[in-house]
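The first residue in the sequence is number 1, and the count goes up from there. In each ligand, atom 1 is the first atom listed, and ligand 1 is the first ligand listed. Please read all numbers here as calculations on a predicted model, not as lab measurements.
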Amino acid sequence: MNNITRDSFTSRFGIIAAAAGSAIGLGNIWKFPYITGKYGGAAFIILYLICIFLIGFPVMLSEFIIGRRTQKNAIGAFKSLSPDKPWYLTGWAGVAAAFFILSFYSVVGGWTIDYVIRSLTGNFINKTPTEIVNTFESFISNPVMPVIWQIIFMILTCLIVLGGIKNGIEKYSKIMMPILFILIIILDIRALTLDNSIQGISFIFRPDWSLLTPEAVLVALGHAFFSLSLGMGTMTTYASYINKKENLTQTAFRVTILDTVIALLAGIAIFPAVFAFEIEPTSGPGLVFVTLPGIFQMLPLGMFFSTLFFVLLAVAALTSAISLLEVPVAFFVEEKGMERRVAATLTTLIITIIGIFASLSQGILSNVKIFNLNIFNFLEFTSSNILLPSGGLLITLFVGWYLNRRDVEEELSNNGRIRISSLSFFLLAVKIVSPALIIIVFLNGLGIIR
Ligand code: TRP
């Protein structure tokens, strides 16, 4: 691939919007609240923050280094840094993970669009909490509508990716991310002014350590990877479009902070409502789909806020989905010489088909089990808890032990033009701290060590 014609981001704001757009998604707004509810509130959040800063941030910076150094896709990057060793298999695992993740991600993405329409048309008005739970359950197990929405969600994702980096991904992220930020602030203000909001707030800020099981630790680590879009080459691919003048450490830090802040803001928007309306905080993946419509329909301008919330969720999902799709697309274009149009259409098609099965596994295919999980849960569990952490482990080991120290220094300092203050901290993190923690948490969570 010729570097002169290679597409790239055009502005610093565009880079942050796209990378934060990838990181901030259903993971922050849909998944973070329900796993926080399930694993003990504040105790889980503290653990999660430790994973984010000790492991997530160094892994993100490692991916940035690999991507910008080589200006190549997830697999090509490893091939060019290590032509005669099998490190490129890390990239392969990443491309596979992109298919896994986007297949179930697009199902939930589809649900969000359906909920935008339902809110707009007043579908939740005068429904009791139980009726709203039933609406959700009968909707996701329906064999037709969720599939149609999932296909529409994938078509939207594909259309943006077809536009390329500056005219597709960057352009849309720059519009959608500020909208998302404003929406979440409005919803936070709404939540904090509910009666009893204090109960919800204390749930996310007061730790109950007794709920912290080994499984919770594995989930916190897996979610740190998932939420920051790490361990499968998304950030490697995006960094390959970052110009040589940007400060990578600063960019990674900003993206990490933004992602974390939005997750916390989402928690603040959701838990007061959960308690105000006496919904179980541990109610699982349906949490935001049942809590919020429930509350909103009892409030003045409820339909309006409900629509706003699901638009927020759909937008967040879309800017993440494009980053997932870009990984295989960049690979097919650069390594297999495919046209972008063909690569995007082909991958969208395959992912949509797997996604249909994931969607149907909420209903008519719920009896099909892989390792005791339905198709949707299998795709989710294996990608977050196995593929991403192992990808992350390989990436840190690669940067920490294999990659030339000079490559690392030149990328972090932009060839000596900017000062790097924390090189030894970073090296310690990628050589020892992150890999050791990932291995321990991994073995522990899988029940191999206790
Ligand atoms: N980070 C996104 C979220 O929180 C999802 C996502 C996008 C992702 N790209 C990724 C997860 C790459 C893992 C790897 O919703």
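- In this structure, Lys174 is not positioned above the aromatic face of Phe13 in the sense of NZ or CZ being under 6.0 Å from the six-membered ring centre and within 45° of the axis.
- Contact of the Phe124 side chain with the Ser119 side chain is registered, since non-hydrogen atoms from C-beta on lie closer than 4.5 Å.
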Between the protein and ligand 1, are there any N or O atom pairs that come within less than 3.5 Å of each other, and if so, what are their names and distances?
from     : atom 1 : to     : atom 2 : distance (Å)
ligand 1 : 1 (N)  : Ser22  : O      : 3.2
ligand 1 : 1 (N)  : Ala23  : O      : 2.9
ligand 1 : 1 (N)  : Phe226 : O      : 2.8
ligand 1 : 1 (N)  : Ser227 : O      : 3.1
ligand 1 : 1 (N)  : Ser229 : OG     : 3.0
ligand 1 : 4 (O)  : Ala23  : O      : 2.9
ligand 1 : 4 (O)  : Gly27  : N      : 3.4
ligand 1 : 4 (O)  : Asn28  : OD1    : 3.3
ligand 1 : 9 (N)  : Ser229 : OG     : 3.2
ligand 1 : 9 (N)  : Ser323 : OG     : 3.3
ligand 1 : 15 (O) : Leu26  : N      : 3.1
ligand 1 : 15 (O) : Gly27  : N      : 2.8
ligand 1 : 15 (O) : Tyr105 : OH     : 2.5

Just distance, no hydrogens or angles: give the donor-acceptor pairs under 3.5 Å from side chains in residues 157-164, sequence neighbours left out.
from   : atom 1 : to     : atom 2 : distance (Å)
Thr157 : OG1    : Phe153 : O      : 2.8

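- Looking only at distances, no side-chain donor or acceptor of Asn377 sits under 3.5 Å from a matching main-chain atom of Glu380.
- Judged purely by atom type and a 3.5 angstrom limit, Arg340 has no side-chain atom pairing as donor or acceptor with the backbone of Val329.
- Panel note: side chain Asn28, backbone Asp259; a donor-acceptor pair is recorded below 3.5 Å.
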